[in-house]
Every structure is written in structure tokens, then in C-alpha cells.
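The figures here come from the full heavy-atom set of this structure, side chains too, leaving out hydrogens, waters and symmetry mates.
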Amino acid sequence: MTALSRFPRFFVTSPSPCPYLPGKQERKIFTELSGAHAGELNDALGRIGFRRSQSVAYRPSCAGCTACVSVRVVAEQFVPNATQRKLIRRHADLEITACKPWATEEQFALLQRYLAKRHPGGGMAAMDENDYADMVEQSPVSSYVIEYREPSVDGEPGKLVGACITDQQADGLSMIYSFFDADEDARPGLGNYIIMEHIMRSRAAGLPYVYLGYWVKGSERMAYKTRYRPIEVLGPTGWSLLEDEDQAFAMPLPARVTEAA
């Protein structure tokens, strides 16, 4: 690896309102992913709690708050409960394809419907097609869009009902962003199924983990992430199984951090 890859330069954003906990301020530490060794750097940073967004790896670095905790499912040991088994059977007819990271109009239309239903007025609501294309295609690492479709009819692809931008890392799959038909009458529990399909996909590929990003204790929006057991959390001494949701966690910052707007 080059010196730049081995010793990346980190920056910290200015504080902004936290999207998960009212009254809190959010701040992130980030670095650029570029060059021939971007994948190796992304793998290494993923193991210490970073997430990828386009060509940037970032992690929360909030003053006085450690609520955001990195979590990953232990794929080989995951055993679905009765409700989860029911969801797997319900959605077993879906046709699933791991596609190259190219944005399509069909994906963008599904994303717009998902955001309008689940996150109206959120930070992504103003995205246009170019923003979505950047989100999908500006990836310097091994990345896919995994599509979930209704069964094909007369040889024609079925309706797109779910998609997930997914990175393949050395030790697992990282679910960067998933979106789906949020009409519970049509496909109830589809978002949960997409997570379980990633767990099964990771296990089949011999990859030990599925990275789910950050779990925020006290945030209803994040509560679903701890339903997939066994799940590991990243703390000051490394990864460990989540036993008690009242555990306290804190992730140390990398060295050589620079303030940035």
C-alpha cells in the first residue's frame, strides 16, 4: 500500500443537528477513499466502525455523545425466530439479482416512493436523479445494487420492489443503503427480509459478517437493527457480542484529525 493509503488524513465536519436524537449535535470524522488501494483502506476502516458514502469513509465523532454504535450480524450463527422465518417464506418468490453499480430510472422511482412514505422531509428527500446516480456509481470499492423483483411474467422482468446498495468487504457485506416498496399491504416486512437475505448471502459466500451501520439506543428508527442475533457491537476494546442493550460504548478516534467544514 502507498503511504497515503496506510496513513490517510482525517477531517472533522462542523456540528449540525442530529437526525436521530432531538437536541443533540452531530459531527463526523471522514477521509477520502481513492487510488488502487481504496478497497483495502475501506476494509480496514470498516473494521473500526467507518461507513462508506460514495468516495468517502466516515464515522460519528460527536462531542459528549457516543450513542451511535457500529453493529454487525454474525452471519454463520444467525438463526431466524418464528416471525423472521415467516417473512423468509413470504418473500421466497422474489427474484434477486446482484447488479453492477449503475443507477436506473426504475431504482430512482422506487427510492422516491420509499422516501415519501418512510422519510418525508428527510435529508434525502430533495435528491434528484443525478444525486442518486452519484450515490450508486461513485464507488471506488467492490459494490453492487442488489435488486428484488416480483416474479417474471412471460419472460419479462417483474416489478422492482426492493434494492440495496451493498459493498463486499474482505470480512462481510456492508449494507450501505436499502429502499423498498413500503406498502405494508403488498409486501409486509420487506425491509427486514432484505437484511435476512443479506445474512444468507453472506453465509453462502463464506463471509462472516453483515455490517448494518450504526445502532442508536433510544432512536425508534434504529431499534430494528438489534433484532438479528447474534449481533456484535464495536466498543473501546473491539467487537463483542451485544448482551445488554444498556451497555455503554465509545469508539476511539484515529490520530491526525483535522477540522474541516
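Listed by first then second residue, pairs satisfying ring-ring contact (aromatic ring centres under 6.0 Å, His included) with a partner in residues 60-95 read His91-Tyr193, not counting sequence neighbours. Within the structure, every pair that satisfies the side-chain hydrogen bond (donor to acceptor under 3.5 Å, both in side chains) test and touches residues 195-208, not counting sequence neighbours, is listed here: Tyr148-Glu197, Tyr148-His198, Thr166-His198, Glu197-Arg201.
One finds the OH atom of Tyr20 at 5.5 Å from the CZ atom of Arg221 (value rounded to the nearest 0.5 Å). The distance from the CD atom of Gln168 to the OG atom of Ser174 is 11.5 Å, given to the nearest 0.5 Å. Atom CG of residue Asp167 and atom OG of residue Ser142 lie 7.5 Å apart, to the nearest 0.5 angstrom. Taken from CD1 in Ile231 to OG1 in Thr226, the straight-line distance is 6.5 Å, to the nearest 0.5 Å. Rounded to the nearest 0.5 angstrom, Arg59 CZ and Ile48 CD1 are separated by 6.0 Å. Going from atom CG of Leu190 over to atom CD1 of Ile195 covers 10.5 Å, rounded to the nearest 0.5 Å.
In plain terms, the two heavy atoms of Ser139 and Ser143 that are nearest each other are OG-CB, 3.3 Å. Shortest non-hydrogen contact noted between Val145 and Ala163 is CG1-CB, 4.2 Å. Closest heavy-atom contact between Gly162 and Ile194: CA-CD1, 4.3 Å. Nearest heavy-atom pair, Ala103 versus Ala133, reported as atom, atom and distance to 0.1 Å: CB-CA, 3.7 Å. For Ala98 against Tyr144, the heavy-atom pair with the smallest separation is CB-CD2, 4.4 Å. The two atoms that bring Leu41 and Pro8 nearest to each other are CD1-CG, 3.9 Å, heavy atoms only.
With sequence neighbours excluded, no residue forms a side chain to side chain donor-acceptor pair (under 3.5 Å) with Glu129. When the salt bridge (charged side-chain N to carboxylate O under 4.0 Å, His left out) test is applied to Asp43, no partner is found at least two apart in sequence or on another chain. Considering only residues two or more places apart in sequence or on other chains, Arg47 meets the salt bridge (charged side-chain N to carboxylate O under 4.0 Å, His left out) condition with none of them. In this view, Glu137 satisfies the salt bridge (charged side-chain N to carboxylate O under 4.0 Å, His left out) rule with no residue, not counting sequence neighbours. Remark: Tyr211 engages Trp239 in a ring-ring contact (aromatic ring centres under 6.0 Å, His included) (not counting sequence neighbours). With sequence neighbours left out, the ring-ring contact (aromatic ring centres under 6.0 Å, His included) criterion links Tyr58 to no other residue. Residues satisfying the salt bridge (charged side-chain N to carboxylate O under 4.0 Å, His left out) criterion with Glu150, sequence neighbours excluded, are Arg187. With sequence neighbours excluded, the residues that form a side chain to side chain donor-acceptor pair (under 3.5 Å) with Tyr132 are Gln107.
At least one donor-acceptor pair under 3.5 Å links the side chain of Lys225 to the backbone N or O of Leu212. Between the side chain of Arg85 and the main chain of Pro80, a donor-acceptor pair closer than 3.5 Å is present. Side chain of Asp154 to main chain of Glu156: no donor-acceptor pair is present (N/O by atom type, distance under 3.5 Å, no hydrogens or angles). Looking only at distances, a side-chain donor or acceptor of Thr31 sits under 3.5 Å from a matching main-chain atom of Arg9. Remark: the backbone N or O of Arg227 is paired with a side-chain donor or acceptor of Gln84 at under 3.5 angstrom. Judged by distance alone, with hydrogens and angles left aside, the side-chain atoms of Thr13 form a donor-acceptor pair with the main-chain N or O of Lys28 at under 3.5 Å. A donor-acceptor contact shorter than 3.5 Å links the side chain of Asp131 to the backbone of Asp128.
Hydrophobic cluster of Leu173: the remaining members, joined at side-chain heavy-atom separations below 4.5 Å, are Leu207, listed by chain and number.
Salt bridge status for Arg149 with Glu95: absent, with no side-chain N to carboxylate O gap under 4.0 Å.
Note on Trp215: it clusters hydrophobically with Ile176, by side-chain heavy-atom contacts below 4.5 Å among ILVMFWY residues. Cluster membership for Val73 and Leu242, using ILVMFWY side-chain heavy atoms within less than 4.5 angstrom, is shared.
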Exercise. Stepwise, does the side-chain contact (heavy atoms from CB on, under 4.5 Å) test hold for Val210 with Met175?
Worked result: CA-CA 7 Å; Val210 174; Met175 297 180 68; 4.0 Å; yes
Exercise. Can you list the steps and then say if Tyr214 with Ser70 is a side-chain contact (heavy atoms from CB on, under 4.5 Å)?
Worked result: CA-CA 4 Å; Tyr214 303 111; Ser70 292; 3.2 Å; yes
Exercise. Would Phe50 and Ile29 satisfy side-chain contact (heavy atoms from CB on, under 4.5 Å), going step by step from the backbone distance to the final call?
Worked result: CA-CA 9 Å; Phe50 280 75; Ile29 181 172; 4.1 Å; yes
Exercise. Do Lys217 and Val69 pass the side-chain contact (heavy atoms from CB on, under 4.5 Å) test, and can you show the C-alpha distance, the side-chain angles, and the key distance before you say yes or no?
Worked result: CA-CA 8 Å; Lys217 179 187 172 185; Val69 180; over 6 Å; no
Could you pull out all donor-acceptor pairs under 3.5 Å where a side-chain atom in residues 108-126 meets a protein atom, sequence neighbours excluded?
| from | atom 1 | to | atom 2 | distance (Å) |
| --- | --- | --- | --- | --- |
| Tyr114 | OH | His119 | NE2 | 3.4 |
| Arg118 | NH2 | Glu184 | OE2 | 3.2 |

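Of the listed residues (Pro17, Pro15, Cys18), just one forms a side-chain contact (heavy atoms from CB on, under 4.5 Å) with Lys24, and that residue is Cys18.
Counting only heavy atoms from C-beta outward, the side chains of Val233 and Ser240 approach each other to under 4.5 Å.
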